[in-house]
Amino acid sequence: MPSQFKLSLTTRLNHVGASTRDAGLLLWQQGRGQFFYWLMALVIGSLAGFTAVGFRKGITALQAWIYGAEDIHYLHSFAATLPWYMLVLIPLLGGLTVGVILHNFTPDARVRSVSDVIEGSALREGRVEIREGLASACASFLTLSTGGSSGREGPVVHLAGVISTWVNDRFKTDAVTSRDLLGCAVAAAVSASFNAPIAGALFAMEVVLRHFAVNAFAPIVIASVAGTVINRLEFGDVTEFKLSTPGALQFYVELPAFLIMGVVCGIVAVVLMRTIFWTDNMGTRMQNRLGLPRWLRPGIAGLLLGLIAVWFPHIIGVGYETTVRVLSGQIGFSELVIFVIIKVIAVAITMGGRMGGGVFSPALMIGAMTGLAFGIIATSLFPEVSGTETLYAFAGMGAVAAAVLGAPISTTLIVFELTGDWQIGIAVMVAVSTSTALASRLVDRSFFLTQLENRNIRCAAGPQAYLLGYLPVRNVMRPFAKISEDEQHILAQLQRDGVYALSNAYLESVLPIFERHNLEVIPVVDPDTEDNCIIGSISHLACLKSYNRALVAVVAEEHR
């Protein structure tokens with residue numbers, strides 16, 4: 001009996017030892033991979049952070065040199081003292097230079113921005129265009145330095161995507177890893193731009209990756225913190241905006257006012273977005289009708305901006321000085337209304353004129369002005385139950401920006417981090433919720449997703465809508481050599497009847513053919529041949545299986 005017990009104990013110990021060795025080996029193998037993955041996130045985050053800070057400081061330096069301003073934070077006040085022809089000439093020359101850059105280095109003379117990063121994440125295995133991205137960054141840099149009325153976050157996010165793409169190409173990473181590292185680069189760029197680590201991480205997941213997979217969270221946070229550290233090493237641990245007037249919220253009684261203000265901000269956000277799209281479409285039609293060279297379009301936009309700046313210099317650049325004045329309650333109601341209208345027009349000219357830049361900073365400025373204007377009315381009607389007017393400016397800033405970006409979570413947090421005031425979060429949350437709920441129903445969820453929809457890239461509705469447009473027929477069809485003779489006769493008859501799929505098409509255009517004609521198999525023809533030669537067949541079941549596999553892969557990635 002003792003010998004049997006000893007043998008049993010020895011067997012169990014050997015089994016435990018073998019299991020421990022296997023577990024240790026697995027931990028070592030996976031741990032090394034995970035460590036390298038996080039190290040790449042840190043490196044990419046650091047590179048994106050330094051790039052974002054360098055981009056910001058470069059704009060500041062060039063803008064100060066061009067306009068001759070001693071303190072760039074008071075550029076608008078200084079610009080008002082310049083001769084009128086300087087205010088016109090600077091954006092005109094800047095626009096012409098931008099036009100030449102985009103004409104020579106991009107196939108469509110279009111600036112790449114956040115929407116292209118979203119497209120890269122969803123449809124291009126986490127990669128963006130490198131050559132066009134660098135050209136776009138140069139164009140946006142000049143636009144913001146020479147009077148363009150836009151923001152720096154769009155070009156910085158795409159520039160971070162360029163860095164991520166370059167690293168992914170060097171290491172030949174798979175699609176899932178590439179997308180996660182793209183999110184890391186974006187998070188670091190946003191954090192370094194605005195000293196907002198929490199919002200930077202959530203922006204990458206909410207806007208770019210469009211999911212909150214646990215596996216992506218840790219590396220994105222690492223990259224976001226790296227970007228923030230780089231920002232603080234350069235600029236110190238300070239907030240972007242310093243509020244001189246503290247806000248106070250009369251709880252419960254005042255909340256309905258913020259709900260109503262959220263609706264107003266949602267409408268303003270929709271007006272801003274639709275004005276940009278209308279201006280872009282109008283500019284394209286006029287360019288085609290008049291036969292203007294595409295390099296001239298940004299120059300014309302710069303000329304228009306210069307003419308506006310003669311009377312309203314607050315439209316120049318990101319609008320830091322004006323935003324600070326608004327958040328301090330230093331602008332009257334009538335000025336606010338006029339400034340909002342002029343700023344919307346200026347942003348539309350900049351973006352529609354293909355000059356470059358982003359929409360986040362303009363949305364913050366327009367939102368702050370809208371909120372303060374609403375607050376002046378609300379506090380004058382109910383002074384006994386109202387907080388300060390600047391509280392509404394603070395909430396309005398977040399409400400308009402959240403509706404434009406389609407990112408209520410990260411925008412709410414980024415406004416907190418821009419101001420450092422966490423005591424009035426409930427006002428921001430209420431206003432943001434109503435503004436995004438309204439705006440998302442009047443556009444395709446956000447400014448960026450609507451941009452993609454206008455280019456027939458259907459990311460707004462999710463993978464179930466856009467995947468079919470990226471699954472090629474050639475990957476699903478059965479070659480002609482594997483088709484029986486009897487089936488060949490049937491396919492030939494369908495071809496003569498005009499029922500067939502093109503070999504260069506995607507499943508998006510093929511599935512309706514099956515539904516319309518109630519067929520299970522149709523021929524695939526080569527459109528490059530004179531008689532549309534049949535090169536294979538495609539079945540309804542094969543299409544559905546391919547679509548299902550693609551959907552499963554997306555869901556699996558989002559739940560890793």
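Positions are given from 1, in the same order as the sequence printed here. Computation of the quantities below employed the complete heavy-atom set of this structure, encompassing side-chain atoms and omitting hydrogens, waters and symmetry-equivalent molecules.
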*Asks:* Has His76 got a side-chain atom pairing as donor or acceptor with Ile316's backbone, closer than 3.5 angstrom?
*Replies:* yes
*Asks:* Side chains of Arg354 and Asp280: closer than 4.5 Å at any heavy-atom pair?
*Replies:* yes
*Asks:* Check whether any side-chain heavy atom of Val428 sits under 4.5 Å from a side-chain heavy atom of Phe394, and report yes or no.
*Replies:* yes
*Asks:* Could you walk me through whether Met365 and Val326 pass side-chain contact (heavy atoms from CB on, under 4.5 Å), step by step?
*Replies:* CA-CA 8 Å; Met365 179 179 173; Val326 171; over 6 Å; no
*Asks:* Would you check if Ile276 and Val359 make a side-chain contact, meaning some heavy-atom pair closer than 4.5 Å?
*Replies:* yes
*Asks:* Evaluate the criterion side-chain contact (heavy atoms from CB on, under 4.5 Å) for residue pair Glu129 and Thr106; output intermediate values, then yes/no.
*Replies:* CA-CA 10 Å; Glu129 300 164 301; Thr106 62; over 6 Å; no
*Asks:* Report yes or no: does Thr165 contribute a side-chain atom to a donor-acceptor pair with the main-chain N or O of Val128 at less than 3.5 Å?
*Replies:* yes
*Asks:* With a 4.5 Å limit on heavy-atom distance, are the side chains of Arg232 and Pro197 in contact?
*Replies:* yes
*Asks:* Can you check whether Phe448's main-chain N or O pairs, donor with acceptor, with Ser115's side chain at less than 3.5 Å?
*Replies:* no
*Asks:* Please report the shortest heavy-atom distance between Val53 and Ile230, naming the atom on each side.
*Replies:* CG2-CG2, 3.9 Å
*Asks:* For Glu234 and Phe50, run side-chain contact (heavy atoms from CB on, under 4.5 Å): C-alpha distance rounded to whole Å, both residues' side-chain angles, the deciding distance at 0.1 Å, then the answer.
*Replies:* CA-CA 10 Å; Glu234 179 61 35; Phe50 280 117; over 6 Å; no
*Asks:* So how far is it from Thr173 OG1 to Asn168 CG, rounded to the nearest 0.5 Å?
*Replies:* 3.5 Å
*Asks:* Answer yes or no: does atom CZ of Phe277 have more than 12 heavy-atom neighbours from other residues, nucleotides or ligands under 6.0 Å?
*Replies:* yes
*Asks:* Without swapping roles, check the side chain of Ser140 against the backbone of Ala137 for a donor-acceptor pair under 3.5 Å.
*Replies:* no
*Asks:* Should we say atom CZ of Arg110 is surrounded by more than 12 heavy atoms from elsewhere, each under 6.0 Å from it?
*Replies:* yes
*Asks:* Is the shortest heavy-atom distance from the side chain of Phe203 to the side chain of Glu153 under 4.5 Å?
*Replies:* no
*Asks:* Determine the minimum heavy-atom distance between Thr450 and Asp444, stating which atoms define it.
*Replies:* OG1-N, 3.1 Å
*Asks:* About how many Å separate NE2 of His314 and CZ of Phe339, when rounded to the nearest 0.5 Å?
*Replies:* 5.0 Å
*Asks:* Could you give me the CA-CA distance, side-chain angles and deciding distance for Leu134 and Leu159, then say whether side-chain contact (heavy atoms from CB on, under 4.5 Å) is met?
*Replies:* CA-CA 7 Å; Leu134 293 175; Leu159 200 51; 4.0 Å; yes
*Asks:* I'd like to know if the side chain of Arg152 pairs up with that of Ser193 as donor and acceptor (distance under 3.5 Å, no hydrogens or angles considered).
*Replies:* no
*Asks:* Are any of the side-chain heavy atoms of Ile338 and Met369 separated by less than 4.5 Å?
*Replies:* no
*Asks:* First locate atom CE of Met273, then atom CD of Gln451, and finally report the distance between them rounded to the nearest 0.5 Å.
*Replies:* 11.0 Å
*Asks:* With no hydrogens and no angle check, do the side chains of Arg124 and Ser178 hold a donor and an acceptor under 3.5 Å apart?
*Replies:* no
*Asks:* Looking at every heavy atom in both Ala189 and Ala52, which two are closest together, and how far apart are they?
*Replies:* O-CB, 3.7 Å
*Asks:* Does Glu119 use its side chain to pair, donor to acceptor, with the backbone of Ile457 at less than 3.5 Å?
*Replies:* no
*Asks:* Under 30°, 30 to 60°, or over 60°: which ring-plane class applies to Phe258 and Tyr392, parallel, tilted or perpendicular?
*Replies:* parallel
*Asks:* Decide yes or no for Thr275 and Ile345: does some side-chain heavy atom of the first lie under 4.5 Å from some side-chain heavy atom of the second?
*Replies:* no
*Asks:* If only atom types and distance count, is the side chain of Ser224 paired as donor or acceptor with the main-chain N or O of Ile220 below 3.5 Å?
*Replies:* no
*Asks:* Are the side chain of Ser361 and the backbone N or O of Gly151 linked by a donor-acceptor pair below 3.5 Å?
*Replies:* no
*Asks:* Taking Ile377's backbone N and O only, do any of them form a donor-acceptor pair with Ser380's side chain (distance below 3.5 Å, no angle check)?
*Replies:* yes
*Asks:* Between Ala185 and Ile44, what is the shortest heavy-atom contact and its length?
*Replies:* CB-CG2, 3.5 Å
*Asks:* Can a donor-acceptor pair be found, under 3.5 Å and without considering hydrogens, that links the side chain of Thr411 to the backbone of Pro408?
*Replies:* no
*Asks:* Considering non-hydrogen atoms only, spot the tightest contact between Val207 and Leu405 and give its length.
*Replies:* CG2-O, 4.4 Å
*Asks:* Side chains of Cys459 and Arg210, heavy atoms from C-beta outward: is any pair under 4.5 Å?
*Replies:* yes
*Asks:* Please collect all side-chain hydrogen bond (donor to acceptor under 3.5 Å, both in side chains) contacts where either partner lies in residues 338-347, sequence neighbours excluded, each pair once.
*Replies:* Ser149-Lys343
*Asks:* To the nearest 0.5 Å, what is the distance between OG1 (Thr322) and CD (Gln330)?
*Replies:* 10.5 Å
*Asks:* Does CD in Glu125 sit with more than 12 non-hydrogen atoms of other residues, nucleotides or ligands closer than 6.0 Å?
*Replies:* no
*Asks:* Counting only heavy atoms not in Tyr470 (residues, nucleotides, ligands), do more than 12 fall under 6.0 Å from its OH?
*Replies:* yes
*Asks:* Once rounded to the nearest 0.5 Å, what's the spacing between atom CG of Leu467 and atom CG of Leu551?
*Replies:* 5.5 Å
*Asks:* Taking all heavy atoms of Ala139 and all of Leu102, pick out the closest pair and write down the distance.
*Replies:* CB-CD2, 3.8 Å
*Asks:* Charged N to carboxylate O below 4.0 Å: is that the case for Arg455 and Asp116?
*Replies:* yes
*Asks:* Less than 4.0 angstrom from a charged side-chain N to a carboxylate O is my criterion; do Glu508 and Arg458 meet it?
*Replies:* yes
*Asks:* Are the side chain of Asn231 and the backbone N or O of Ala192 linked by a donor-acceptor pair below 3.5 Å?
*Replies:* yes
*Asks:* State the CG-CD1 distance between Leu272 and Ile366, to the nearest 0.5 angstrom.
*Replies:* 4.5 Å
